[in-house]
2 protein chains.
Amino acid sequence: MLDAFEAALIDGGARGATMDAVAAAAGVSKGGLLYHYASKEALESALIERMRRLVDLDVEEMLRSPDGIVAVFVRTSVQSDTPLDRAIVATSRLAQTGHDAASVALRDARRVWEDALRPHTRDESALQLVLLVSDGLYFNSALATQGVPGPIPQGDDLDALIALVERAAR
Amino acid sequence: MLDAFEAALIDGGARGATMDAVAAAAGVSKGGLLYHYASKEALESALIERMRRLVDLDVEEMLRSPDGIVAVFVRTSVQSDTPLDRAIVATSRLAQTGHDAASVALRDARRVWEDALRPHTRDESALQLVLLVSDGLYFNSALATQGVPGPIPQGDDLDALIALVERAAR
DNA sequence: GTCTATATACAGATAGAC
DNA sequence: GTCTATCTGTATATAGAC
């Protein structure tokens with residue numbers, strides 16, 4: 001059900017993520033959905049909490065990566081089908097409706113990445129550059145809806161971009 | 001009235017930008033508002049059209065600027081109180097509710113900037129880097145709501161960031 | 001042109017049967 | 001646990017007076 005809510009947010013934006021739509025997508029009725037999540041707010045909170053957890057796991061994994069953390073960070077910002085990425089895009093959709101808890105959670109996530117990347121960048125400007133490129137990639141993912149794909153670099157273009165960011169940051 | 005709609009979107013997100021709120025902010029009744037804009041969709045279309053026009057004017061002005069267009073572009077991406085920036089943030093809010101026309105307009109704007117910047121960057125990677133930093137700045141502006149300010153570089157930090165982006169891009 | 005009053009639609013949430 | 005039926009609030013839009 002949480003997956004259905006996430007998918008509804010990603011595909012149709014907050015406008016389309018109604019309890020009815022979520023219930024239908026999850027294969028239950030509205031009443032059935034509300035048995036598990038007592039309110040829409042409960043559903044939203046659960047999504048946000050899941051995103052927080054996935055961000056923490058993601059950072060732990062990045063820190064263990066043999067490749068440079070900067071490269072891994074930028075590369076994973078492009079993906080859009082991992083559980084983490086879907087949770088982030090869905091939470092972004094929520095944040096744009098004026099949902100303060102979602103905005104705060106995204107800010108906190110950014111802070112977690114910032115602290116993990118700081119030791120691997122030359123100075124604060126370089127750190128901000130890396131974070132902003134990642135933000136930009138997420139922004140384009142968040143704008144991309146069903147009918148309107150975003151202009152996100154892939155393949156060789158992505159490799160070249162990552163190389164450029166690494167050169168600028170270290 | 002269009003200004004009131006824009007302000008409502010920026011301050012309260014799409015959720016708070018009701019016809020009632022817009023009418024109240026504009027100092028008219030709902031009926032009065034609907035006399036000028038026959039539907040909410042008309043109001044949305046008008047906002048999107050205004051953003052398109054402002055983007056075109058902005059690019060023309062940037063191309064005439066004596067400073068490097070890359071520096072000007074990044075610097076103006078940080079501002080959030082010019083008519084253009086307000087229009088962009090408001091349109092972003094709209095886009096996140098699943099409003100396809102808003103998403104398309106933002107994609108088109110990005111294309112306009114892309115074409116203007118291309119002659120002033122070394123290669124496609126550099127071009128994407130500049131655009132993504134700008135996207136990232138807008139993303140953070142868009143996330144920042146009344147109670148949740150975004151982490152946007154200012155003053156000396158901004159100057160240093162711009163210098164770094166210029167160095168990486170040319 | 002701008003207002004008030006009202007119609008219509010739909011979202012979230014509740015109640016109670018099964 | 002899951003359903004259907006229903007209540008309530010709120011948003012868009014219309015009608016008609018002034």
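Below, chain A is the first sequence line, B the second, and so on; all start at residue 1. The shown structure was predicted, so the numbers you read here are calculated from the model rather than taken from an experiment.
For B:D108 and B:R111, the salt-bridge test fails: no basic side-chain N is under 4.0 Å from an acidic carboxylate O.
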Original post:
Which letter, B, S or -, goes with each nucleotide of nucleotides 12-18 of chain C from 5' to 3', with contact meaning a protein heavy atom under 4.0 Å?
Top reply: BBB----
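Within the structure, the side-chain hydrogen bond (donor to acceptor under 3.5 Å, both in side chains) test picks out the following pairs touching residues 159-170 of chain A (sequence neighbours left out): A:R75-A:D159.
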What side-chain donor-acceptor pairs closer than 3.5 Å can you find for residues 78-90 of chain B, not counting sequence neighbours?
| from | atom 1 | to | atom 2 | distance (Å) |
| --- | --- | --- | --- | --- |
| B:T82 | OG1 | B:D85 | N | 3.1 |
| B:T82 | OG1 | B:D85 | OD2 | 2.5 |
| B:D85 | OD1 | B:Y138 | OH | 2.5 |

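We find that CG of A:L43 is positioned 15 Å from P of C:dA11, with the value rounded to whole Å. Atom CG in B:L33 sits about 13 Å away from atom P in D:dT14, given to the nearest Å. Remark: C1' of C:dG1 and OH of B:Y37 are 15 Å apart, rounded to the nearest angstrom.
The shortest side-chain heavy-atom distance between A:V112 and A:D58 does not fall under the 4.5 Å cut-off. The shortest side-chain heavy-atom distance between B:F139 and A:L132 does not fall under the 4.5 Å cut-off. Here the side chains of B:Q96 and A:R15 are not in contact, with every heavy-atom distance at 4.5 Å or above.
One finds no side-chain N or O of B:Y35 lying less than 4.0 angstrom from the OP1 or OP2 phosphate oxygen of C:dT2.
Side chain of B:S29, nearest nucleotide from D:dT4, C:dT2, D:dG1: C:dT2.
For the helix from C:dG1-D:dC18 to C:dC18-D:dG1, the terminal axes (five pairs an end, C1' atoms, rotation from four pairs onto the next four) enclose an angle of 0°, given to 10 degrees.
Residues meeting the salt bridge (Lys or Arg N to Asp or Glu O under 4.0 Å) test with A:E44, sequence neighbours left out: none. Contacts of A:R110 classified as salt bridge (Lys or Arg N to Asp or Glu O under 4.0 Å), with partners at least two apart in sequence or in another chain: A:D135.
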